[in-house]
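Take a look at the structure set out below.
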Amino acid sequence: QVYLTESGGGSAQAGGSLTLSCVVSEYRYNSYGWYRKAPGKEREGVAAIARSGTTEYADSVKGRFTVSQDKTKNSLFLQMNSLKPEDTAKYYCAADLNGGPGEWISAMSGGYYKWSGRGTQVTVSS
């Protein structure tokens, strides 16, 4: 069993920033990522990172969000800048994503990952 615990969610004004963190009980997989789920909307893969450091992003957040990791602290991060009201959602971190590089965003959107946390809420007001 692998446990993922997200933190850092909260409220922000449009144009503001938030940083999400995720602590992973065993940081031994090749791929990690963040996805989000808003009421009435489909799950959306947001950002992914390989252990090697390669990153990929959904078009909706490219240039605004940055995913990073600190393997010494078993941690994954999501820096969110230039927030928009449409970024409002519950954000989850995930580990051991299906497929390979270039496929992880769609994998998370489809729910194809082995482990996930319980999420942290992000609310952006206009």
Side-chain angles (χ1 to χ4, degrees):
Q1 182 71 34
V2 176
Y3 298 94
L4 297 90
T5 305
E6 303 93 340
S7 61
S11 299
Q13 297 278 350
S17 299
L18 284 172
T19 300
L20 306 184
S21 301
C22 174
V23 177
V24 186
S25 61
E26 296 180 42
Y27 209 85
R28 57 186 173 91
Y29 294 104
N30 183 54
S31 57
Y32 296 85
W34 292 91
Y35 66 95
R36 64 189 180 186
K37 181 73 172 68
K41 294 187 179 179
E42 299 288 324
R43 181 190 301 108
E44 180 187 16
V46 172
I49 186 166
R51 279 186 64 88
S52 64
T54 302
T55 58
E56 52 192 69
Y57 298 91
D59 288 343
S60 59
V61 306
K62 205 169 290 183
R64 300 189 298 121
F65 290 12
T66 302
V67 60
S68 61
Q69 61 188 344
D70 184 340
K71 287 177 274 188
T72 67
K73 296 182 179 179
N74 284 12
S75 293
L76 185 67
F77 306 97
L78 186 67
Q79 173 69 43
M80 305 185 294
N81 297 329
S82 302
L83 283 164
K84 303 176 181 179
E86 52 262 44
D87 294 320
T88 294
K90 196 164 189 179
Y91 285 71
Y92 302 81
C93 59
D96 198 11
L97 314 179
N98 277 32
E103 300 175 314
W104 289 329
I105 298 299
S106 58
M108 285 188 286
S109 296
Y112 298 112
Y113 43 80
K114 188 165 184 179
W115 307 105
S116 176
R118 300 181 70 175
T120 186
Q121 178 68 36
V122 171
T123 303
V124 184
S125 57
S126 57

Measure the shortest side-chain to side-chain distance between E56 and P101 over non-hydrogen atoms and say whether it is less than 4.5 angstrom.
-> yes

In this structure, are over 12 heavy atoms from other groups packed under 6.0 Å from K37 atom NZ?
-> yes

Looking at CD of E103 and CD1 of I105, how far apart are the two atoms once the value is rounded to the nearest 0.5 Å?
-> 11.5 Å

Decide if atom CZ of R43 counts as having more than 12 heavy atoms of other residues, nucleotides or ligands within a radius under 6.0 Å.
-> yes

So which heavy atom on Y113 is nearest to which on A95, and how close?
-> CB-O, 4.1 Å

Are Y112 and V2 co-members of a hydrophobic cluster defined by side-chain heavy atoms under 4.5 Å apart?
-> no

K71 side chain to S75 backbone, donor-acceptor under 3.5 Å = no

Give the cluster check for L76 versus M80: same hydrophobic cluster or not, with ILVMFWY residues linked at side-chain heavy-atom distances below 4.5 Å.
-> yes

Shortest non-hydrogen separation from Y57 to A47 and the atoms involved | CD2-CB, 3.6 Å

Just by distance, do the side chain of N74 and the backbone of V24 share a donor-acceptor pair under 3.5 Å?
-> yes

Looking only at heavy atoms, what is the nearest atom pair of Y35 and A94, with distance?
-> CE2-CB, 4.0 Å

Check whether L97 and L4 end up in the same hydrophobic cluster, where Ile, Leu, Val, Met, Phe, Trp and Tyr are linked by side-chain heavy atoms less than 4.5 Å apart.
-> no

Straight-line distance of S31 OG to I49 CD1, nearest 0.5 Å = 11.0 Å

When rounded to the nearest 0.5 angstrom, what is the spacing between NZ in K114 and CG in N98?
-> 10.5 Å

Does any N or O in the side chain of T123 come within less than 3.5 Å of the main-chain N or O of S11, such that one atom is a donor and the other an acceptor?
-> no

Can you tell me if Y27 and Q69 form a side-chain donor-acceptor pair at under 3.5 Å?
-> yes

E6 side chain to C93 main-chain N or O, any donor-acceptor pair under 3.5 Å?
-> yes

Taking every non-hydrogen atom, the tightest pair across W34 and F77 = NE1-O, 3.3 Å

Give a yes or no on whether the backbone of G99 and the side-chain of W104 come within a donor-acceptor separation of less than 3.5 Å.
-> yes

Given the rule that I, L, V, M, F, W and Y join up when any side-chain heavy atoms are under 4.5 Å apart, are V46 and M108 in one cluster?
-> no

Please check if the side chain of E44 supplies one atom and the backbone of R36 the other of a donor-acceptor pair under 3.5 Å.
-> no

S125 and P85 have their tightest heavy-atom pair at C-CG, 4.5 Å

Would you call D87 and K84 a salt bridge, taking side-chain N to carboxylate O under 4.0 Å as the test?
-> no

Heavy-atom pair of closest approach, residues S126 and A14 = CA-CB, 4.2 Å

First locate atom CZ of F65, then atom OG of S17, and finally report the distance between them rounded to the nearest 0.5 Å.
-> 9.5 Å

Any link between Y92 and L83 through a network of hydrophobic side chains (Ile, Leu, Val, Met, Phe, Trp, Tyr) touching at under 4.5 Å?
-> no

Separation between CG of L78 and OG1 of T120, rounded to the nearest 0.5 Å | 11.0 Å

Between the side chain of T19 and the main-chain N/O of Q79, is any donor-acceptor distance below 3.5 Å?
-> no

